Amino acid sequence: MKGVIGILMKVLFEIIVFIIIIMLIIYSINAFALLSNLEDKKYISLVSFIESNIKESGSKVWEDTVTYNPFVYTLYFNFTDGRIYLYKCDVVEQKMVFYNITQDTMIKDLENSNCYPIYVSREVLDDKVTVRIEGGSLMELENKRSLYVSLYNLKYSEETTIVNYGGTESTIVTVYGANIKDISTSFTISQRSIIKDTSSYLFGLGDKIWKGAIVSSDCSMYSGYVRCMLDYKYLINQGFLFPVKLTVIVNYDGERSEVVLKAK
């Protein structure tokens, strides 16, 4: 009899443990969904702020911040229809797709990837609106040291070199991939810009990035374009990507509007 009771108690214990595990999984999924939803709302609030103040006289400051995450969120300034599109991307394996639109310019792929608009503004953009995305000096609170973050964009290139191993033998080595094109403290998006989405610009640590640095060699041909996959962990570990906080300033002088997305 004691043996039967022992078995029943063991089975009951296993059932309770199984139920607890299921509840924890459900709680984790719900918590993740809630966190994602909060971040969505913050980005929507950011775009709504720009939309509401872009033609309002004076200088307006958004009193909140968002973490700049180009892998998930994109602000696309479509000067053709005058609207700001907030895209969200369902990132697969923490990777982001870039492709070349000119011989020396690459942009994030919003059309042929898991990206979709979650908010679209009214028609607020015209030829008198400019958008500036800024880096600069940041204070890292935990280590109490100053960090300098710069912005950069990408290009695709192939470099072939001949390596000699003594004698007459030589090997042709081709290095290819998405690499850093330009580095700056700020980039401007306007009606005339080739790049019109924020996530095609990446923030990197000033002492870790340089022109020509390869950020991805995972590249292939796709429908006549070169497509390169950027890996989140690799970029973070190399200092090619830094998760800055962004705030927004909108200036309008009665004629021209300037939107500043500033790292802080």
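The model shown is predicted, which means the values in this text are computed figures rather than measured ones.
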### Message
Checking Y225 now: which residues fulfil ring-ring contact (aromatic ring centres under 6.0 Å, His included) with it, not counting sequence neighbours?
### Response
Y99
### Query
Looking at N153 and F187, what are the two nearest heavy atoms and their distance?
OD1-CZ, 4.2 Å
### Query
Side chains of K128 and S257: donor-acceptor distance under 3.5 Å anywhere?
no
### Summary of disulfide bond (SG atoms under 2.5 Å apart) pairs that have at least one residue in residues 204-264, sequence neighbours excluded
C219-C228
### Query
Can you tell me how far CG of L205 sits from CG of L241, rounded to the nearest 0.5 angstrom?
9.0 Å
### Query
Between CG of L86 and CG of D40, what distance do you get to the nearest 0.5 Å?
7.5 Å
### Query
Could you give the distance from OG1 (T247) to NZ (K264), rounded to the nearest 0.5 Å?
5.0 Å
### Spacing of CZ belonging to F242 relative to CG belonging to L147, to within rounding of 0.5 Å
5.0 Å
### Query
Which pairs with one or both residues in residues 77-86 pass salt bridge (Lys or Arg N to Asp or Glu O under 4.0 Å), sequence neighbours excluded?
R83-E123
### Summary
Between S59 and N251, the two heavy atoms sitting closest are OG-OD1, 2.7 Å
### Task
Check each of V91, D109, D90 against N114 using the side chain to side chain contact (heavy atoms under 4.5 Å, CB included) test, and report the only one that passes.
D90
### Query
Does G136 offer a backbone N or O that forms a donor-acceptor pair with the side chain of T185 under 3.5 Å?
no
### Message
Quick check: Y68 with F203 (ring centres under 6.0 Å apart)?
### Response
yes
## Note on the structure
Between L246 and A263 the two heavy atoms that sit nearest each other are CD2-N, 3.7 Å
### Message
For K155, is there any backbone N or O sitting under 3.5 Å from a side-chain donor or acceptor partner on D104?
### Response
no
### Message
Quick one about D197 and Y87 (side-chain donor to acceptor, distance below 3.5 Å, no hydrogens or angles considered), yes or no?
### Response
no
Exercise answer: donor-acceptor pairs, residues 42-51 side-chain atoms, under 3.5 Å, sequence neighbours excluded:
| from | atom 1 | to | atom 2 | distance (Å) |
| --- | --- | --- | --- | --- |
| K42 | NZ | D64 | OD1 | 3.4 |
| K42 | NZ | T65 | O | 3.1 |
| Y43 | OH | T67 | O | 2.6 |
| Y43 | OH | N69 | N | 3.4 |
| S45 | OG | W62 | NE1 | 3.4 |
| E51 | OE1 | Y119 | OH | 2.6 |
| E51 | OE2 | R122 | N | 2.9 |
| E51 | OE2 | R122 | NE | 3.2 |

### Message
Using a 3.5 Å distance criterion without hydrogens, assess whether the side chain of T102 forms a donor-acceptor pair with backbone atoms of T105.
### Response
yes
### Task
Verify, without hydrogens or angle tests, whether Y152 (side chain) and F240 (backbone) share a donor-acceptor contact under 3.5 angstrom.
yes
### Task
Say whether S216 and D231, considering side chains only, have a donor N or O and an acceptor N or O under 3.5 Å apart.
no
### Task
Could you tell me which residues satisfy ring-ring contact (aromatic ring centres under 6.0 Å, His included) with F71, sequence neighbours excluded, listed by chain and number?
Y232
### Set of residues satisfying side chain to side chain donor-acceptor pair (under 3.5 Å) with respect to T74, sequence neighbours excluded
K108, S199
### Task
Would you check if the side chain of K262 reaches a backbone N or O of G135 as a donor-acceptor pair within less than 3.5 Å?
no
### Query
Do E258 and R256 sit within salt-bridge range, that is, some charged N less than 4.0 Å from a carboxylate O?
no
### Task
Can you measure from CZ (R192) to CG (D127) and round to the nearest 0.5 angstrom?
8.5 Å
### Distance in Å, L138 CG paired with Y148 OH, rounded so as to fall on 0.5 Å steps
9.5 Å
